[in-house]
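Treat the numbers as computed from the prediction; the structure is a model and nothing was measured. Proteins get letters first, then strands, A, B, ... in listed order; numbering begins at 1 in each.
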Amino acid sequence: MNASPVVQMGLYLLALFMLAWPLGRYLTIVMDGSLSARFRCLGAIERGICRLIGTQPDEDMPWTRYALAIVLFNFVGLLAVYALQHFQGSLPLNPAGMANVEAGSAFNTAVSFVTNTNWQGYAGEATMSYLTQMLALTVQNFLSAATGMAVVVALIRGFTRRSAGGVGNAWLDISRATSYVLLPLSIVVACLLVSQGVIQNFDAYQDVKLTEPVTYQAPRNDANGKPVVDTAGKPVMDEITTNQQTIAMGPVASQEAIKMVGTNGGGFFNANSAHPFENPTGASNFLQMLSIFLIPAALCFMFGSMVGDMRQGVALIAVMTLIFIAMYSVVQWSEMHANPLLTQLGVDGTSGNMEGKETRFGITASSLFVTITTAASCGAVNAMHDSLLPLGGLIPTWLMQLGEVVFGGVGSGLYGMLIFAILAVFLAGLMIGRTPEYLGKKIESYEMKMVSIAILITPTLVLGGTAISVLAQGGLSSIFNPGVHGFSEVLYAFSSAANNNGSAFAGLNANTPFYNLALAVCMWLGRFVPIIAVLAIAGSLARKPRLAVSSGTMPTHGPLFVVLLVGSVIIVGALTYIPALALGPMVEHLQLFAR
Amino acid sequence: MKTLIRPALTLFVLLSVVTGLIYPALVTGLAKMAFPYQAAGSLITQGKVVVGSELIGQSFSGSSYFWSRPSATGPMPNNASASSGSNLGPTNSALVDAVKDRVATLRTAHPDQTGPIPADLVTTSASGLDPHISPAAAYYQINRIAKARGVEPENVKRLVDAYTEYPSWRIFGDSTVNVLKLNLALDAGGKV
């Protein structure tokens, strides 16, 4: 028998916290430089790298220079990912003979992987060569995650430093995050995944002889590859019988590991973590779910230890966990129900909504994954979100719209939650009529302006983009499912892109000029506008003195603050998005169940 | 600005080589050493012929085989070089029509089964390559296969039970039956 959902979730959270605590300690000594100070060889390597790339190890960048470095570094990545796709047909490691990727799709994918979104308008096994998967996509999985960690560490320095001019050295932060944290973790996770059956090879696609021949209908194509149509305009279908199946191969495990550890979510295959070669067993599924939340949770402990008060980090974890549990409960409850339209036809209703789910995961492991991947900005999927029941689809949409702060992306989740924490102390300050302060730093109008920008940019992109798309022909023609569900597809796409999640209601045909461009703009602005705002806050806070705790200081580690922060996140998210959600999933729920 | 361009370029190249070439090569080496079977795709061979992968579902429609779940891949079902789900939303009439057809096919093929049909047998999986069905879906088909092969249902049932896989550590995931492995075992004479 399957253990109850409560047990699966409880064991998951237990394992998560047990791993995240020591990792948080380790992150602290990596990112504050004490690890390389303690081990002389690491220090020597770092100094060598600094000499090679042309920077001083002790350079302390003002926030503007730090931000410029981050944006520039990611822009270089953008060009590289685009170029590798554009020329992949003439590059090595391409046994399946993939052609160069079309410009619009290549641009969208480049932005998508640089911004840690990993939205995929393409099908991996039918588009990308092994070299592109490794040298373009895997690399960005590492570097976009390292970027997130660098930015959050810069923000924490803003809280901890007193009257300082700089927020750190961006180059050192990125190198340390990549080589001391992401790389070793990925090697371990990749090997564990292979043990479960995830493939890792450079073989050509494997032809296998089927036990029983398969007969199917396929559209007939003319010499130019265009479908042939009959006089009535319908495509001509050919009946084909084959006894052969071609299985896509590739270096999957190495990409799969960092896809999870870096909360990237871009699958090697089209079906992502639902594909048996990406996620073959319940154990691999559990490991992948752990990998998604691991660094975001550990960063909260790192935050606590860097600001010198672990309770501050624990309070943030508590906020995230409370929202997560509530959201998971709704998804689980929703998916345990069968689709009433199908039970009417004589389908067994006791096993829940199995359309778009894998048998080996079933309802519970799928629902847990759905919640985790959208609470974090991962966006890997082990079930097709488009086929979730309406409320089961509402929750992932809303989790993304909350700004990816419930654990969230690597780095981006914590800096997003800290933005909300500043908002929460500001609101509390207004209520009691005192100048708000957080961790001993006064929160003034400059910080609040930046907080507003960081919080408002994504709703602008999501709601604006959705509104334009449902008015424009280019937006409407890509919709796959009819009725209100089609609206949900578009809303989900923009929520996912602007919040850098990357999962999809994948019925939407997003590989069109309209969506490639619109979503790329959302991904880029949704990533870098908040990053610049966060760094601006970091720079401003670093310059301020740190005030001593007094009797008038509002504690930011107790249950009161946890409730206040949960409230701030939920109320901002609800006020902004419930009208849009009412038009999509809520209406569909009533259509399906109200009778 | 100028003093940032050189570090941006050189650090990018350096980290690309480490994470994009050395890292995948290292993992490939470790994987081939420790888990060669899994790394190559868990391929099942008969003699020198590769007849499938343990992890990749195949379509079956003959009366003497267990049937897999419906697959939404195109143009061929269980197309392992183009994984895909149906992406049909819960209120889409195309979903209802497709399930109605599958229910009718199953009812015709299993006249002895009058109860509700296991949900996984009439719904498409997320990958279109699901190698498994639920134990209930396997039980549903036992009588048909026993009749087609002229064996006792009890023997087929014993084979199904032997090929039932449990959740990892009996906790994570659901119980399953691997359709290809079960069918190959049937063809091999069904010795448990």
Side-chain angles (χ1 to χ4, degrees), chain A residues 3 53-55 69 72-73 76 126 134-135 139 142 171 190-191 194-195 197 199-201 208-209 212 214 216 218 245-248 251 254 269-271 274-276 280-283 286 339 341-342 345-348 351 354-356 358-362 365 383-384 386 389 481 485 506-507, chain B residues 4 6-8 10-12 15-16 19-20 24 27-28 30-31 35 38-42 49-52 55-56 58-60 62 75-76 80-85 87 89-92 96 99-100 103 116-120 122-123 125-127 130-132 134 167-168 171-174 176:
Chain A
I53 69 172
T55 180
L72 200 62
F73 183 71
V76 173
M134 287 159 47
L135 197 52
V139 167
F142 279 98
W171 310 127
C191 291
V194 176
S195 79
I199 60 172
Q200 177 73 21
N201 61 56
V208 309
K209 188 177 168 299
E212 192 182 47
V214 175
Y216 60 96
Q245 182 186 41
T246 304
I247 302 182
S254 54
F269 299 110
N270 187 42
H275 194 297
T281 64
F286 181 69
N339 184 337
L341 297 177
L342 303 189
L345 303 172
V347 179
D348 180 20
S351 44
M354 283 303 288
E355 179 69 23
E358 299 281 298
T359 316
R360 62 192 177 282
F361 305 138
M384 290 300 132
D386 217 347
L389 290 180
N481 281 290
H485 196 87
Chain B
L4 289 175
R6 183 182 150 197
T10 44
L11 185 63
F12 180 78
L15 291 180
S16 291
T19 61
V27 172
T28 309
L30 292 173
F35 309 104
Q38 289 93 324
S42 307
V49 184
V50 181
V51 296
L55 296 174
I56 303 292
Q58 294 183 8
S59 290
F60 292 93
M76 163 185 167
S81 46
S83 59
S84 173
N87 287 314
T91 50
N92 194 332
V96 179
V99 172
K100 201 181 282 173
V103 167
I117 297 178
D120 54 320
V122 291
T123 50
S125 64
S127 63
D130 196 338
H132 301 116
S134 65
S168 300
I171 296 173
F172 298 105
D174 276 7
T176 57

Counting N and O atoms only, with roles assigned by atom type, does the side chain of A:N481 sit under 3.5 Å from a partner on the main chain of B:N87, one being a donor and the other an acceptor? yes

Heavy-atom pairs under 4.5 Å with chain B, option from A:G54, A:A365, A:P251 with the top count: A:G54

Donor-acceptor contact present, side-chain A:E355 to main-chain B:P90, <3.5 Å: no

If I measure from the heavy atoms of chain B, does A:V347 come under 4.5 Å with its side chain, its backbone, both, or neither? both

Which atoms of B:L30 come close to chain A, meaning under 4.5 Å heavy atom to heavy atom: side chain ones, backbone ones, both, or neither? side chain

Answer with side chain, backbone, both or neither: which region of B:P118 has an atom nearer than 4.5 Å to a non-hydrogen atom of chain A? backbone

Engaged part of B:V103 at the chain A interface, taking heavy atoms whose separation is under 4.5 Å: side chain

Might you point out which heavy atoms bring B:S42 and B:L55 nearest each other, and give the distance in Å? OG-CD1, 3.8 Å

Name the region of A:L389, side chain, backbone, both or neither, that has any atom closer than 4.5 Å to a heavy atom of chain B. both

Which bit of B:A119 comes within less than 4.5 Å of chain A, counting heavy atoms only: side chain, backbone, both or neither? both

Which atoms of A:T246 approach chain B - backbone, side chain, both or neither, heavy atom under 4.5 Å: both

Any sub-3.5 Å donor-acceptor pair from A:T359's side-chain atoms to B:H132's backbone N or O? yes

Count the heavy-atom pairs under 4.5 Å between each of A:M354, A:R360, A:E212 and chain B, then report the option with the highest count. A:E212

If we define contacts as heavy-atom pairs under 4.5 Å, which of B:A126, B:A82, B:G20 has the most with chain A? B:A126

Relative to chain A, which of B:S16, B:G89, B:S83, B:G62 shows the most heavy atom pairs under 4.5 Å? B:S83

Could you check whether any side-chain N or O of A:S254 sits under 3.5 Å from a backbone N or O of B:P24, counting only pairs where one atom can act as donor and the other as acceptor? no

Measuring heavy-atom distances to chain B, does A:F142 have an atom under 4.5 Å in its side chain, in its backbone, in both, or in neither? side chain

Pairing residues for B:D120 by the side-chain hydrogen bond (donor to acceptor under 3.5 Å, both in side chains) criterion, not counting sequence neighbours: B:S134

Applying a strict 4.5 Å limit to non-hydrogen atoms, the region of B:V51 in contact with chain A is both

Between A:N201 and B:A39, is there a donor-acceptor pair closer than 3.5 Å when you use the side chain of the first and the backbone of the second? yes

Tell me, for A:H485 versus chain B, whether the close heavy atoms (under 4.5 Å) come from the side chain, the backbone, both or neither. side chain

Among B:I117, B:T10, B:V122, which has the most heavy-atom pairs under 4.5 Å with chain A? B:I117

Among B:S81, B:A31, B:G85, B:P131, who wins on heavy-atom pairs under 4.5 Å with chain A? B:S81

In terms of heavy-atom contacts, B:A8 and A:V76 come closest through CB-CG2, 4.4 Å

How long is the straight-line distance from CZ of B:R6 back to CD1 of A:I53, given to the nearest 0.5 Å? 8.5 Å

Can you name the side-chain hydrogen bond (donor to acceptor under 3.5 Å, both in side chains) partners of B:T28, sequence neighbours left out? A:Q200

